[in-house]
Amino acid sequence: MKSSSPIYFDNAATSWPKPFGVLSAVQNALQRQGGNPGRGGHLLSERAGNLVYQTRELIADFFGTEPEYVVFTQNCTHALNLALYGVLHKDDHVIISDMEHNSVARPLAAMAARGFCTYSVAATDANDALTLERFRQCITPKTRAIVCTLVSNVTGQILPYREIAALCRQYGLLFIADGAQACGILPVTLRDGINILCTAGHKGLYGIMGTGLLVTDGSVAIKPLMQGGTGSLSANLVQPDFLPDALEAGTVNVPGIAALQAGIKWIRQYGLPQLHQKEEALCQRFLHGLQKLPHAVIDRRAGGVYAPVVSFAMKEESAADTAARLHDKGFCLRAGLHCAPLAHKALGTMDGTVRFAPSVFNTAAQVDALLHALRQQ
Amino acid sequence: MQTTIRFASETHAEKAKRVLDRNHIAFQSKKITTSDGCMIILRIAAPADTVTMLLHHHGIPHQRG
């Protein structure tokens with residue numbers, strides 16, 4: 001790649017660049033709020049504690065819950081594992097979609113392999129009614145939960161999550177949602193009927209890597225994955241059973257939490273609908289140009305509803321080679337299975353795809369440059 | 001008139017502080033170590049029944065004294 005600044009279209013992996021306020025929030029946290037929150041009674045611990053609580057409040061307001069139901073995790077995968085291992089009982093049955101990321105599929109596969117629980121995979125379709133019916137057909141008397149992504153990280157398809165939530169309510173099931181690709185783009189809230197929402201701090205929420213969230217409506221007890229110091233009831237060898245302490249053993253990522261606060265404030269200032277509109281416009285520009293390339297294959301089901309993510313491939317060139325060729329020209333895109341083999345199996349793209357995932361910091365000129373580079377196959 | 005409330009969780013204590021602030025109730029905060037471990041004490045300038053009503057209303061676990 002040339003030494004000049006790369007053109008980054010891999011925001012589904014992590015968003016880049018970050019708003020300037022995020023960088024300064026991290027620096028400020030390290031320089032002025034460097035104590036361990038909830039531990040000492042001194043100034044630096046108190047400052048860190050205030051920062052952490054303010055961020056919980058902001059996130060609680062953003063997603064429609066109470067501050068104590070906001071749990072900071074290392075990433076979305078950690079949050080999903082916490083949710084799955086924390087709520088499922090022996091012999092429970094779970095339904096997932098065929099668009100799931102390995103952060104849902106792998107823990108469930110591991111639990112099923114050792115006979116702890118079982119799961120079914122509901123085939124999604126561009127037709128939401130059909131998707132919903134397929135989820136319904138998977139329900140058994142032992143079904144405890146539906147766990148599914150709100151937006152596919154491969155195709156960008158938005159699943160009919162409000163209808164899935166209604167289905168869960170109808171059958172008394174938990175709804176655990178993977179919001180990694182949806183949060184910061186769609187107006188997701190727990191009021192949509194989600195019991196546990198897991199998401200990344202470093203993608204659409206514009207925080208930094210090393211942060212994730214488990215946000216709950218408090219309706220279901222979640223057993224901890226880890227026990228350890230919480231700064232509360234320290235004389236007791238039993239982990240506290242109240243949130244968020246029960247699920248936050250150890251020191252939280254204070255600079256990461258500061259970044260998350262700054263990222264969400266920036267989203268609110270910019271406006272979520274405006275953010276979505278800009279990214280969608282870039283995505284449509286890309287799709288329009290891609291459709292004119294005779295050797296491009298766009299991996300999207302016609303008629304579906306999509307967030308601004310596109311998977312594609314070039315005929316007679318592997319996804320890896322396309323991404324490498326684009327990289328030589330200064331473009332950062334991811335190629336492969338995107339840690340979502342179920343999705344590729346469903347789409348018939350097990351050879352992998354190249355993924356276009358813009359952010360609000362990309363420009364129309366950059367999209368045009370990418371299309372120009374693709375034309376030069 | 002003063003009411004003393006204890007919180008095992010800093011998150012619960014912070015939530016309580018904000019509730020008291022919104023209701024214009026003055027308080028002092030201190031961290032102490034007890035036989036249960038670290039606790040946050042709020043000394044609140046309001047009657048006990050007002051304080052407990054507010055904390056119950058907002059679902060904030062707490063202990064008196």
Side-chain angles (χ1 to χ4, degrees), chain A residues 33 35-61 65-72 214-219 227-249 251-252 254 257 261, chain B:
Chain A
Q33 292 148 330
N36 197 328
R39 303 309 194 266
H42 53 74
L43 178 66
L44 286 183
S45 181
E46 196 180 298
R47 280 184 186 166
N50 274 335
L51 165 69
V52 170
Y53 187 81
Q54 282 164 10
T55 312
R56 276 190 222 281
E57 257 189 328
L58 179 70
I59 292 166
D61 189 60
T65 187
E66 292 295 315
E68 59 269 31
Y69 296 151
V70 172
V71 176
F72 294 113
L214 181 153
V215 182
T216 174
D217 62 1
S219 65
Q227 286 89 19
T230 57
S232 50
L233 297 179
S234 305
N236 199 331
L237 288 184
V238 176
Q239 184 87 350
D241 61 0
F242 47 79
L243 290 179
D245 303 52
L247 304 181
E248 282 185 2
T251 299
V252 292
V254 173
I257 290 168
Q261 186 186 125
Chain B
M1 184 169 292
Q2 203 170 60
T3 306
T4 302
I5 301 286
R6 296 178 171 211
F7 302 89
S9 160
E10 184 165 272
T11 301
H12 296 156
E14 288 298 322
K15 190 171 182 181
K17 287 180 193 176
R18 278 148 180 83
V19 167
L20 295 169
D21 272 337
R22 284 199 298 272
N23 286 276
H24 309 289
I25 298 173
F27 60 87
Q28 288 176 317
S29 173
K30 194 175 172 181
K31 201 158 192 172
I32 63 169
T33 304
T34 69
S35 56
D36 288 327
C38 295
M39 303 283 267
I40 300 103
I41 305 284
L42 294 189
R43 293 205 168 84
I44 303 165
D49 55 354
T50 303
V51 173
T52 51
M53 180 200 69
L54 268 176
L55 297 180
H56 277 304
H57 178 72
H58 289 277
I60 305 173
H62 60 280
Q63 296 169 31
R64 286 281 305 276

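Here is how names work: the chains are called A, B, and so on, in the same order as the sequence lines, proteins then strands, and each is numbered from 1. Just so you know, these numbers use all the heavy atoms, side chains as well, and skip hydrogens, waters and symmetry mates.
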Taking C-beta and beyond as the side chain, do A:Q54 and B:R18 meet within less than 4.5 Å on heavy atoms?
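Yes, close enough: below the 4.5 Å cut-off.
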A:R56 side chain reached by B:E14 side chain, heavy atoms, under 4.5 Å
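Side chain of B:E14 against side chain of A:R56, heavy atoms only: no contact under 4.5 Å found.
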Over 12 non-hydrogen atoms of neighbours within 6.0 angstrom of CG in A:L237
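Count not over threshold, so no.
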Does A:Q227, at its CD atom, have more than 12 non-hydrogen atoms belonging to other residues, nucleotides or ligands within less than 6.0 Å?
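It does: A:Q227 CD has more than 12 such atoms within range.
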For A:E57, is it the side chain, the backbone, both or neither that has a heavy atom under 4.5 Å from a heavy atom of chain B?
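Contact with chain B involves the side chain of A:E57 alone.
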Let me confirm one number: the OG1-CD distance from B:T11 to A:E66, rounded to the nearest 0.5 Å.
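Answer rounded to 0.5 Å: 12.5 Å.
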Pick from A:P37, A:G38, A:G231 with the largest number of heavy-atom pairs that fall under 4.5 Å of chain B
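Greatest number of close heavy-atom pairs with chain B: A:G38.
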Over all heavy atoms of both residues, which pair between A:S234 and B:C38 is shortest? Give the atoms and the distance, please.
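Shortest heavy-atom contact: OG-N, 4.2 Å.
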Least distance between heavy atoms, B:S9 atom then A:S232 atom
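The answer is CA-CB, 4.2 Å.
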Chain A heavy atoms under 4.5 Å from B:S35: which part of the residue, side chain, backbone, both or neither?
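The answer is the backbone of B:S35.
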Are any side-chain N or O atoms of B:K31 and backbone N or O atoms of A:R39, one a donor and one an acceptor, separated by less than 3.5 Å?
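Answer holds: yes.
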